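Inspection log for the structure reproduced underneath, given as C-alpha cells.
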Amino acid sequence: MRTIFAATLVSSAWVAISALAGAQTPAVLTPNTNLQASGIPPIPRDLVRAMEQYTSFEPTSLISWHPTDGSMTVSRRAGQTAQLFRIREPGGVAEQLTFFNEPVRGAQWAPRTGEYLLITRDKGGSEANHLFRYDPATKLEVQLTAGDTTNQAGPWNASRSRLIVRSAPLDKSGKKEPEVTFYALDPKAPEKIETLITLQGAGWYPARWQEKEGKFFATFYISATEQKLFEIDLATKSRKEVPEMEFSSDEDEDTLGASLQLFVRRYDDTKGEFRKLYRLNTVTGKRTPVSNDIEWDVESWQVSPDGKMLAFVTNENGRSVFHLRDTRTLEEIDTPTMPSAQFSRLRWHPTLPHLALSINDPNAPTDVFEIDVPGKTMKRWTNSKPAGFSAPLDAKAEVVQWKSFDGTIISG
C-alpha cells in the first residue's frame, strides 16, 4: 500500500471541503477510506473551513461570443465537470447551458444565427469524443458523428453551412497504423456527411477550408517545436507543403472571406531561435514578416472578422505580452494598459472591434475580459475570486532568473 504524506493529505482534505460542508461531522477530518495515512496528526475541522476561502473558486475560460445577441459563452466547473455558461453583460449572472455528466471539451455557436450549440464530449470517459448539435432551450441533443473514433470540429466553408470534421479511430492496443479522416458535415443534416480525404499519420489537423477552390489547408504536428502546413487538393488528393509554416487554429474562418492572405508562424529567417508571425500570400508564396522586431516566441494570434486587425500574444522571458497591429501596415494599435498576467483564448466579436480573452493573474484564477479597441478600455466579464475572501489582493507577477548547472540563464 502507498503511504500518503501529510502535505498531500492536507491538500486533499481542502479539496474535499464541499462534500463535507454542512454535515454532522467530528471536530477532526477523517482521511478518505481509500487512503492509508501514517504519522499524520489530527487535522482540525476548523482549519479545513478556514482554508475554504482559498480553495472554493471556479476559474472561468472563454469559449466564444454569441453571433447575434452579444453574450459570451464561458466554461467553468459545475459539480465535478466543466460545463458551458452564458453571460449577457460584463459582471452578469452566469446562466448554465449544459448539464452533462461528462465535461464539455469544445463548443461553438452556429455561425451567424446562434440557433444551436455545436459541442464536443465523450460518454463515460471513453475518450470517444463526438460532436453533438445541442439546443440549450430544450436541452435536446443530436449526435453528429459515430463509431469508435475521436472527433474534432474544424473550419467552416465560406457560406457557413458546412464544416470540416477531423476524425481518428481509437486504437487502445497501439498496434494500428494511425490515420486521420476529414469529413464535410452540415450539423442540420448529419445524414449527408461527406468523406473528403484520409491521410496517414496521427498529426493532421484542419486549418482553413476553401470549398469553392476544392482545397483546404492542414497542419501536420510533429513535435512542440515542429509543425508543417500543407495545401491539400481534394480533387486529386495531392498535397503541397507551405514550407515551415504553422496555421492558427484560433483564427476565425470567416476572416477575410476569399482573401489570399494567411497569418502563419514559423522560426525566424535569421537565427531560427524564435517562432515569428508572417503574412503569407497563398498564391505567390511571398511572406512578409509581422513580428520580426520582437525577439520572442509568438504563442497565439487571431485576425479580426473584417481582416483589419491582428491580435497576438508573445512569451517574453516567461511573461505574456499582448500586441495589436494593423494587418495592412503592421503598425501597433494603441490598447488599454494590460495587467501583468497570462493571456489566452483570443476571440473577436463577430461584428464589433472588440476582443475577448482569458486572463490569469496572481490575484485570481482565470477570468474573461473584453477590450474595446476604439475606446481603449477594458471590461471584466467574470470574477472568479474565492467566495468570501475579503483580504485585498494586489500581488504582482515578476520575471525571475537563475543559473542552470551548465551556466545557462533560465527565466520564468
Side-chain angles (χ1 to χ4, degrees), residues 105-106 108 120 129 131 149-158 162-169 177-185 195-211 213-234 236-256 259-269 272 274-291 297-303 310-315 344-347:
R105 303 190 183 281
Q108 57 181 293
T120 307
N129 292 318
L131 270 61
T149 58
T150 182
N151 300 272
Q152 177 181 331
W156 293 79
N157 59 9
R162 298 198 299 170
L163 76 157
I164 288 181
V165 174
R166 176 191 185 274
S167 183
E177 191 70 26
E179 65 179 24
V180 172
T181 298
F182 294 103
Y183 298 96
L185 171 69
T195 301
L196 297 177
I197 193 172
T198 297
L199 300 173
Q200 298 303 307
W204 291 100
Y205 295 89
R208 170 170 289 182
W209 189 12
Q210 294 180 319
E211 186 179 26
E213 291 78 11
K215 63 182 181 181
F216 74 100
F217 290 88
T219 57
F220 185 68
Y221 180 90
I222 300 171
S223 70
T225 59
E226 185 179 6
Q227 297 90 41
K228 294 183 178 182
L229 177 66
F230 289 86
E231 179 184 316
I232 298 175
D233 187 307
L234 293 173
T236 65
K237 309 301 182 186
S238 62
R239 58 180 183 259
K240 178 178 66 176
E241 184 182 351
V242 183
E244 303 177 59
M245 293 293 179
E246 302 170 57
F247 191 88
S248 171
S249 61
D250 287 340
E251 185 167 329
D252 190 327
E253 296 307 325
D254 212 15
T255 296
L256 309 179
S259 172
L260 302 178
Q261 72 174 4
L262 300 175
F263 285 88
V264 294
R265 180 175 65 176
R266 71 186 297 273
Y267 282 97
D268 63 77
D269 291 318
F274 297 111
R275 289 179 292 178
K276 306 291 187 66
L277 277 183
Y278 290 81
R279 186 175 60 198
L280 173 69
N281 185 303
T282 60
V283 174
T284 66
K286 179 183 177 181
R287 58 176 183 261
T288 303
V290 174
S291 64
D297 273 330
V298 172
E299 291 189 327
S300 60
W301 65 100
Q302 193 181 48
V303 182
L310 170 68
F312 63 98
V313 176
T314 54
N315 180 342
S344 61
R345 295 182 177 269
L346 309 177
R347 299 288 187 271

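In this text, all values refer to a predicted model and were calculated from it rather than measured experimentally. For reference, positions follow the sequence shown, starting with 1.
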Checklist entry - Can you check whether V290's main-chain N or O pairs, donor with acceptor, with R279's side chain at less than 3.5 Å? => result no
Item to check | Where A311 and L346 come nearest, the two heavy atoms and their spacing | outcome: O-CD1, 3.7 Å
Checklist outcome for this item: Taken in chain and number order and not counting sequence neighbours, the residues that satisfy salt bridge (Lys or Arg N to Asp or Glu O under 4.0 Å) with R239 are none
Checklist entry - Is D297 reaching over with its side chain to a backbone N or O of F274, donor-acceptor style, under 3.5 angstrom? => result no
Checklist outcome for this item: All heavy atoms of F216 vs all of A218, minimum pair found to be CE1-CB, 3.7 Å
Checklist entry - Which heavy atom in K215 sits nearest to a heavy atom in W209, and how many Å separate them? => result O-CD1, 3.4 Å
Next on the checklist: Nearest 0.5 Å, please: how far is CZ in R162 from CH2 in W156?
Outcome noted: 11.0 Å
Checklist entry - How many angstroms lie between atom CZ of R208 and atom OG1 of T219, to the nearest 0.5 angstrom? => result 13.5 Å
Next on the checklist: Under a 3.5 Å distance rule, please check whether W301 uses its side chain to pair with a backbone N or O of F263 as donor and acceptor.
Outcome noted: yes
Item to check | Spacing of CD belonging to Q227 relative to CZ belonging to R275, to within rounding of 0.5 Å | outcome: 6.0 Å
Item to check | Separation between CZ of R265 and CD of E299, rounded to the nearest 0.5 Å | outcome: 8.5 Å
Item to check | Identified side-chain contact (heavy atoms from CB on, under 4.5 Å) counterpart of T181 within the set L199, T149, I197, T195 | outcome: T195
Next on the checklist: Is there a side-chain contact between E241 and F220 in this structure, where contact means two heavy atoms from C-beta onward sitting under 4.5 Å apart?
Outcome noted: no
Next on the checklist: Testing the basics here: between G201 and W204, what is the closest heavy-atom pair and its distance to 0.1 Å?
Outcome noted: O-CD1, 3.5 Å
Checklist entry - Would a distance-only check, ignoring hydrogens and angles, find a side-chain to backbone donor-acceptor pair under 3.5 Å from K237 to L196? => result yes
Checklist entry - Quick one: does S300's side chain have a donor or acceptor within less than 3.5 Å of a partner on S344's backbone? => result no
Item to check | Distance, nearest 0.5 Å, that separates CG of L234 from CZ of F182 | outcome: 10.0 Å
Next on the checklist: Distance check, rounded to the nearest 0.5 Å: K286 atom NZ versus L280 atom CG?
Outcome noted: 11.5 Å
Checklist outcome for this item: Smallest heavy-atom separation, A153 atom then Q108 atom, equals CB-NE2, 3.7 Å
Next on the checklist: Is it the case that the side chain of N151 and the backbone of N129 share a donor-acceptor pair, with hydrogens and angles ignored and the cut-off at 3.5 Å?
Outcome noted: yes
Item to check | Heavy-atom closest contact (P206 atom, I164 atom, distance) | outcome: CB-CG2, 3.9 Å
